[in-house]
Amino acid sequence: MSGYDHAEVREFWQYVWEQEDVYTLPADATDPTYVLGMFPYTSGELHMGHVRNYAITDAYARYRRMCGDDVLHPMGWDAFGLPAENAAFERNTDPERWTRACIERMREELESLGFGYDWSREITTCDPAYYRWNQWLFVRLYEAGLVEYTAATVNWCPDCETVLADAQVAEGRLCWRCESPVERRELDQWFFTITDYAEELHEGLDGLSGWPEGVREIQRNWIGRQEGAEISFELPDGEVEVFSARPDTVYGATFLALSPGHELVGELTDDDRALADAVDALREGRPGEAGYDGVDTGLSATHPLTGEKLPVYVAPYVLEDVGTGAVMGVPGHNERDHAFAREHGLPVVGVVEPAAGGGDDGGAGPGTPGANADGTTGTDPGTPGVDADEGTEADSGTPGTDAEGTTETDDTVLPYTGEGRLIDSGEYTDFDSEEARERLLAEVEAIEPTTIYRLRDWLISRQRYWGTPIPIVHCPDCGRVPVPESELPVELPEFVKTTGNPLDAAEEWKRATCPECGGPAVRETDTMDTFVDSSWYFLRFLSPGLAEAPFDPELAAEWLPVDLYVGGDEHATLHLLYLRFFTKALADLGLLDRREPVDRLLSQGRVLYDGEKMSTSRGNVVAPQEYGAETTRLFVLSAAHPTRDFEWTANDVRAAYDLQQELYETVVSFVDAVERDRGTWRLVDRDGSAPRDEYVAREVDRTVAVVTEEFERFRYHRAFAEIRELARLLRRYREHGTVDRGVCRRAVGDLARLVAPMAPHLAEELWNRLDGEGLVVEADWPEPETVGRPRAERRLLERTREDVREIVDVVEIEDPTRIELVVAPAWKHRIAELARGSGDVRAALPTAEVDAPAAAVDAFVAELAERGSDPAPLDGEGELAVLSRGGWLLEAEFDAEVEVRRGVEGEELAETARPGKPAIHIG
RNA sequence: GCGCGGGUAGCCAAGCGGUCAACGGCGCAGCGCUUAGGACGCUGUCUCAUAGGAGUCCGCAGGUUCGAAUCCUGUCCCGCGCACCA
């Protein structure tokens, strides 16, 4: 039809934007709004997830810019990484050339989608100018004691031929990238000691109110903070520390269990062949599948409170890297300890019983803990009484009740893992769990408060070529020595095709001189995890060309935090945790004054195709030829709230396309009417004086107000619907009769600006045809002239129209010629208002001045009381105005004369009118 | 098992203390339109109802409130995270 050539329009405006340099942050910007999307990995093609991510950030950036903000909206490339190496290997090229080609393709794609980036700030992590700062930062962290070099048992992916961080191991055993089963290897490796920040990383989450709860929760889980106590048990020759989250159960400890990897076990097996063999046998099984095997070491430990001797076992159910790698076995109050004790015939002692009358502890059955049942039954009078409800719960919650016989009461009540009141616990007997814990921690020397974390240090070594060389030389005399700043960057040698690590093969490159003693030394051949690159890239964007430092601390102080960061949940434990860690570490180095990098985080949903995540093999159609790239971005914004998943459907894509066509046709035909006085718009100049002019003008205001609100909340799908509604109304308006030139001009001009953040090429074209001032990118966001109560006003009109239809339908009025709408008299609104304010209308009544017969008032009050107070969002004048302006819609629909007026007391119609519900008469 | 997020009319989905029988889209149905034509516009789409009425309804069951899709409690189902984690 209209000849909207999206390809041509796109090309033209991109050219103009480039010429006008519209996306470059002005040099004199002060505290710009910093909008950031995910750092794209240079795979060579965008997928739907990218499009969605960048459509959201771009729409927000454009919106803020139109609102008058300076906006920092940069883009760059996460360009290091194993896939490039593999691609180069397969194609007989090198990773650099391959990566550069990918970047070119991706930049073009981003541009075709109309994303407005400040390309003058483009950064690429595989540039030595970038990665030298990785090295610089590494050295600074090293000096600050945040880097460790240790032998460790690490995750090794045989397929990628490199080690992996804990966070990169999926389901505890698969490589996150290639899904190969991960192996364990003993290697000397580099670590960032992120655990030094475990407490702050955890605590800081509470303050991140701009982050989705889901992401915060994932991080909490990952950090795995656990408060408890470290308890020491004396051994004949030394002592052993165990961690417990329930020190209140300490009197129930009947054995100790050490993990097979525990230091002490190593010592014991050194001079006990038989024990060594037994422990080896235990280690055969995979951790997690070992069951409750165990061997008695023959040692006995002294209970710090009772002085009793407890046997010490080696048991694989105790994990080496949790807590201290040793536990006190409390079979009475811990499921696993219980299972172990049963297996090995160890005593089970109950020292905590459910608080009397409580029963709200959950997780365990009622009743009296076993060992000393007789003596304590009396203290739990609630037990017999709560049988109905609690009994069934206990049955399902306590396995083993159906074991033969009931002689072993232990089975029915222990382990009891809830909290409660202590029994048989020496001087702590009768305290409740919490108080007992506090006292034990404070009073017993062998029990010290401790907090443990699940979080491990960040393994950053990678045995691969395409990454940042770790700036260390190994000197036979001085050991590991950091490369001095003046010699940075340590650049990558030329790529060679080899099966192992190409850096290992680069003999000449490896040869170095020790910075300390000047003697011959060897370069470190590991490179850094690429997550290091992305841990601080948001800082490099502040001053991308800076040669003296990774970033300008003054700018950072002024411009941070990132105001809006959009990304996917899949980065919650990797990237987003590292980002926070780096920020804190850099703050401690004195380079930053902020300790959190991102103010508002938006976690985008997935794009699904047939219920699965969209990917190259799953219908990944970034730029449908037919509709143009802009349709794609408009579609992903219109389809759903940004945080929710949605299904890609051809229908919704077409809806996005249709709106573009609709807007284009509207503007083109309007301009045609203005300039050549032809087409479907019958323009007149009457200063918007006809009621329907006012109606449309108000509707424009309402749309502007609502769309603005929706943009503030990132609800682009709602904004899209609003824009479509207004376009539709405009069409109805012009089809109904003559239209006011000024009203129309404002409507189309606002439409162009409202759609600009979502469909910038189209908007630019519309704006231009309308002779808008300058470019729409730089235009002012429209403001409503009169705000009113948009939603309430629409509601009233819509409801009234529905009522008219209903009456016409129910009464079967053939051809209505006259429709009267009578708004309730003032006193009814007054009373309704009073009723809203207080529960008792009659009590409030005397203060009101009501110009109506008492009987009518009483009747109305009674009616209100019966219905419950009936809030009317608009006052009488408001209703009158709304209905007057909207009357033409009824005229158009029924081809009848419409009269709107205020009800007068005594008039029959006024009696039936209520606030919010005008009386209707149809003739 | 623990935690987080969800369950709204045929489907998708908005609403999150009061004009809520519940916006919007898709699908479906009726009407209009001589044209934006693989359209477009209007109307309808829980049940009953001859003047705008009544009933039922927002996973299920209770509760708070003058009033609940909206708040609280319990429960079931789905998605995600963590987990022989002490």
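Note that the structure is predicted; figures quoted are calculated from it, not measured. Residue numbers begin at 1 in each chain, while the letters A, B, ... track the order of the sequences.
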For the pair made of CG in A:Leu455 and P in B:C82, what is the distance, rounded to whole Å?
13 Å
If you measure from the Lys or Arg side-chain nitrogens to the Asp or Glu carboxylate oxygens, is any gap between A:Lys917 and A:Asp803 under 4.0 Å?
yes
If you measure from the P atom in B:C23 to the same atom in B:C76, how many Å do you get, rounded?
32 Å
Between atom CZ in A:Phe894 and atom P in B:G32, what is the gap in whole Å?
16 Å
N/O-N/O pairs, protein side and nucleotides 43-53 of chain B side, under 3.5 Å:
{"from": "B:U43", "atom 1": "OP1", "to": "A:Arg801", "atom 2": "NH2", "distance (Å)": "3.3"}
{"from": "B:U43", "atom 1": "OP1", "to": "A:Arg805", "atom 2": "NH2", "distance (Å)": "3.0"}
{"from": "B:A51", "atom 1": "N6", "to": "A:Ile922", "atom 2": "O", "distance (Å)": "2.8"}
{"from": "B:A51", "atom 1": "N1", "to": "A:Ile922", "atom 2": "N", "distance (Å)": "2.9"}
{"from": "B:G52", "atom 1": "O2'", "to": "A:Asp803", "atom 2": "OD1", "distance (Å)": "3.1"}
{"from": "B:G52", "atom 1": "O6", "to": "A:Ile920", "atom 2": "N", "distance (Å)": "3.0"}
{"from": "B:G52", "atom 1": "N1", "to": "A:Pro918", "atom 2": "O", "distance (Å)": "2.8"}
{"from": "B:G52", "atom 1": "N2", "to": "A:Asp803", "atom 2": "OD2", "distance (Å)": "3.1"}
{"from": "B:G52", "atom 1": "N2", "to": "A:Pro918", "atom 2": "O", "distance (Å)": "2.9"}

Say we look at B:U64 and B:G55: how far apart would their P atoms be, to the nearest angstrom?
22 Å
Within this structure, what is the CZ-to-C1' distance between A:Arg718 and B:C12, rounded to whole angstrom?
13 Å
Taking only side-chain nitrogens and oxygens of A:Arg728, does any of them come within less than 4.0 Å of OP1 or OP2 of B:G25?
yes
Proximity to the side chain of A:Arg724 - top-ranked nucleotide from B:G81, B:A86, B:G24
B:G24
Whole angstroms only, please: what is the CZ-P distance between A:Arg794 and B:G24?
11 Å
note: A:Glu217, atom CD; B:G5, atom C1'; distance rounded to Å ~ 10 Å
Whole-angstrom distance between B:U34 and B:G41, as gauged at atom P:
16 Å
Counting only side-chain heavy atoms from C-beta out, which of B:A14, B:G25, B:A86 sits nearest to A:Val322?
B:A86
Quick one: label A:Val808 by what it contacts on the DNA or RNA (base, sugar-phosphate, nothing), any heavy atom closer than 4.0 Å.
nothing
Run the ring-centre check on A:Tyr313 versus A:Phe340 and record whether the distance is less than 6.0 Å.
yes
Considering only atom C1', compute the distance from B:G25 to B:U75 and round it to an integer number of Å.
34 Å
Starting from P on B:C2, measure out to CZ on A:Arg246 and report it in whole angstrom.
15 Å
Given B:G81, B:G41, B:C84, which nucleotide is nearest the side-chain atoms of A:Tyr292?
B:C84
Taking the minimum atom-to-atom distance to the side chain of A:Glu213, which one of B:C4, B:A86, B:A14 wins?
B:C4
Taking the side chain of A:Ala245 as its heavy atoms from C-beta onward, which of B:G24, B:G81, B:A86 lies nearest to it?
B:A86
Regarding A:Asp658, tell me which of base, sugar-phosphate or nothing describes its non-hydrogen contacts under 4.0 Å with the strands shown.
sugar-phosphate
Pick the C1' atom in B:G74 and in B:G67, then give their distance to the nearest Å.
23 Å
For the residue pair A:His303 and A:Tyr251, categorise the inter-ring angle as parallel (less than 30°), tilted (30 to 60°) or perpendicular (more than 60°).
tilted
Could you tell me whether A:Phe635 and A:Phe646 have their ring centroids closer than 6.0 angstrom?
yes
Can you list the steps and then say if A:Tyr317 with A:Asp337 is a side-chain hydrogen bond (donor to acceptor under 3.5 Å, both in side chains)?
CA-CA 9 Å; A:Tyr317 87 88; A:Asp337 296 345; 2.6 Å; yes
With rounding to the closest Å, how many angstrom separate the P atoms on B:A51 and B:U70?
34 Å
My understanding is that only residues two or more places apart in sequence, or in another chain, count here; which of them pass side-chain contact (heavy atoms from CB on, under 4.5 Å) with A:Val900?
A:Leu821, A:Leu880, A:Leu883, A:Ser884, A:Val898
What integer distance in Å separates A:Trp648:CH2 from B:C11:P?
23 Å
Looking at A:Glu891 and A:Arg801, is there a salt bridge between them, counting it only when a charged N and a carboxylate O are closer than 4.0 Å?
no
Listed nucleotide nearest any side-chain atom of A:Asp652, set B:A86, B:C82, B:G25:
B:G25
State whether the distance check finds a donor on one side and an acceptor on the other, under 3.5 Å, for side chain A:Arg220 versus base B:C4.
no
Comparing A:Gly214 with A:Asp337, nearest RNA chain B nucleotide closer to 5' gives the residue A:Gly214
With the threshold set at 4.0 Å, does a side-chain nitrogen-carboxylate oxygen contact exist between A:Glu722 and A:Arg724?
no
Any ion pair linking A:Arg216 and A:Glu213 (charged N to carboxylate O, less than 4.0 Å)?
yes
